[in-house]
Amino acid sequence: MANELGTIPLGKTDVKVTPLGLGAWQWGDRLMWQYGKGYNDRDVHDAFKVSLDSGINWIDTAELYGSGMSERLLGQFMHELNVQPLVATKFLPLPWRVRQDSLVKALRRSLNRLNLLKVDLYQVHFLLPPRTVETWANGLADALDAGLTRAVGVSNYNVERTLRTSEVLARRGKVLASNQVEYSLLNRSIERSGLIDLCRELEITVIAYSPIGKGLLSGKYTPEHLPPGRRGARYNRAYLIKIQPLIDLIKQIGQGHGGKTPAQVALNWVMCKGAVPIPGAKNAKQAQENVGALGWRLTSDEVRRLDEVSEQI
């Protein structure tokens, strides 16, 4: 089925990914996702297998997720199932990582956890002082020169930082493949800032994390049924009431496409905007639902209506 889904290049590189990936933030993370309460290793193993069996060819993880547990689980699952999807992971620029070579050293530790010789995409997770954009941009170029990754990207970078990174890499004869940012019907800041336009202009792929709004666009949460843990504290009853008109429209549009779920409509909207969503999956059911966002497309009028309602939030 992988061939049926088709692939697209990451930026101007030869790394070709399916138009929807699998995010592994939830694997091992107890702070945001309460790993171990309601889902466990076996559940995320099944989510991984279903995603690959359905044609998804790449997984996004990070050394930060579960303090390395996400990478270890992914390495374990690849070994157990004898499969080799494309793997993207991220460098965490901790304040005490002050040298440029800290990035390559961290990548080598990620490779050990993943049990791989190289990854397909290595990204700077976000920028923290005291290091500069240029320090980590050169670190990414070093990782390419060392043959430890096929492509490099950034995450949570604004217009200026994206441009500066691209320029540093260009001077080293490299390209910036991607920028991974939060993007959904509930967070369209990259449209207002001009970031999505810049990435389009420079042929940098926008990878969208939290494309279902951390589960809020799935339709399973209501003002009477808040999400658990930190999400429930952040997205309170008043916010759930505020987004209800958008949820209602998403459900209505999904029915017009043969009963597509709210999550599938939300993911399809991201793809219609030219970004590549990486929804998480805690279990096989969620993974199967994510894949249902592929193989059909919202009309331009439906995208416009969703835009109009989401702008009111």
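Just the heavy atoms: all of them, side chains too, but no hydrogens, waters or symmetry mates, feed the values below.
W25 has its ring centre no less than 6.0 Å from the ring centre of Y35. The distance between the ring centers of Y157 and H125 does not fall below 6.0 angstrom.
Note: H45 and F77 have perpendicular aromatic rings, judged against thresholds of 30 and 60 degrees for the angle between ring planes. Under the 30°/60° scheme for interplanar angles, the aromatic rings of W296 and H257 are found to be tilted.
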* To do: Verify side chain to side chain contact (heavy atoms under 4.5 Å, CB included) between L195 and N158, making sure each step is shown before the conclusion.
  => CA-CA 7 Å; L195 180 61; N158 61 18; 5.9 Å; no

* Can you list the steps and then say if T135 with T132 is a side chain to side chain donor-acceptor pair (under 3.5 Å)? -> CA-CA 5 Å; T135 299; T132 64; 3.0 Å; yes

* Audit row: T61, E71, side chain to side chain donor-acceptor pair (under 3.5 Å) steps and yes/no -> CA-CA 6 Å; T61 183; E71 289 179 328; 5.2 Å; no

* To do: With side chain to side chain donor-acceptor pair (under 3.5 Å) as the test, would you mind laying out the steps for E191 and Y183 before giving the verdict?
  => CA-CA 9 Å; E191 294 177 17; Y183 187 41; 2.5 Å; yes

* Asked: Checking side chain to side chain donor-acceptor pair (under 3.5 Å) for the pair E80/Q76: CA distance, chi angles, key distance, verdict?
  -> CA-CA 6 Å; E80 289 174 356; Q76 175 187 324; 3.0 Å; yes

* Asked: Between M78 and L116, is a side chain to side chain contact (heavy atoms under 4.5 Å, CB included) present by the stated rule, with each step listed?
  -> CA-CA 10 Å; M78 290 189 293; L116 293 173; 4.0 Å; yes

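Of the candidates D248, L186, I250, L217, L186 is the only one forming a side-chain contact (heavy atoms from CB on, under 4.5 Å) with I243.
Under the 4.5 angstrom side-chain criterion for Ile, Leu, Val, Met, Phe, Trp and Tyr, the cluster partners of I8 are L10, V15, V17, W58, L86, L121, I207, Y209, V276, I278. V98 forms part of no hydrophobic cluster, judged by ILVMFWY side-chain heavy-atom separations under 4.5 Å.
S184 and V270 make their closest contact through CA-CG2, 4.4 Å (heavy atoms, listed as atom of the first residue, atom of the second, distance). Closest approach of T205 to P9, counting heavy atoms only: OG1-O, 3.5 Å. For the residue pair P93 and W136, the shortest heavy atom distance occurs at CB-NE1, 3.7 Å. Closest approach of L103 and V124 over heavy atoms only: CD1-CG2, 4.1 Å.
One finds the CG atom of D142 at 10.0 Å from the CG atom of L148 (value rounded to the nearest 0.5 Å). For the atom pair CG (L176) and CD (E167), the distance works out to 11.0 Å, reported to the nearest 0.5 Å.
With hydrophobic clusters built from ILVMFWY side chains whose heavy atoms lie under 4.5 angstrom apart, L267 shares a cluster with L52. Linking ILVMFWY residues whenever their side-chain heavy atoms come closer than 4.5 Å, directly or via other members, places L240 and L249 in the same cluster. V175 and F91 sit in two unconnected hydrophobic clusters of ILVMFWY residues. Membership requires side-chain heavy atoms under 4.5 Å apart, directly or through other members. Linking Ile, Leu, Val, Met, Phe, Trp and Tyr residues whenever their side-chain heavy atoms come within less than 4.5 Å leaves V168 and L163 in two separate clusters.
Of the charged side-chain nitrogens involved, at least one lies within less than 4.0 Å of a carboxylate oxygen, so that R97 and E63 count as a salt-bridged pair. Ion pairing of R164 with E134 is present here, as a side-chain N (NZ or NE/NH1/NH2) and a carboxylate O approach within less than 4.0 Å. Ion pairing of D307 with R188 is present here, as a side-chain N (NZ or NE/NH1/NH2) and a carboxylate O approach within less than 4.0 Å. Ion pairing between E308 and R304 holds under the 4.0 Å rule for side-chain N and carboxylate O. Ion pairing between D43 and K282 fails under the 4.0 Å rule for side-chain N and carboxylate O.
Residue-environment remark: CZ (R172) exceeds the threshold of 12 foreign heavy atoms within 6.0 Å. No more than 12 heavy atoms of other residues, nucleotides or ligands sit less than 6.0 Å from atom CZ of R99. For H79, the NE2 atom counts as loosely surrounded, since its 6.0 Å shell holds 12 or fewer non-hydrogen atoms of other residues, nucleotides or ligands. More than 12 heavy-atom neighbours from other residues, nucleotides or ligands sit within 6.0 angstrom of CG on N40.
Between the side chain of S155 and the backbone N or O of Q180, at least one donor-acceptor pair lies under 3.5 Å. Q123 contributes a side-chain N or O that, together with a main-chain N or O of T89, makes up a donor-acceptor pair within less than 3.5 Å. Between the side chain of S178 and the backbone N or O of V206, no donor-acceptor pair lies under 3.5 Å.
For the pair I253 and L306, the minimum side-chain heavy-atom distance is below 4.5 Å.
In this structure K12 satisfies the salt bridge (Lys or Arg N to Asp or Glu O under 4.0 Å) test with no other residue, sequence neighbours excluded.
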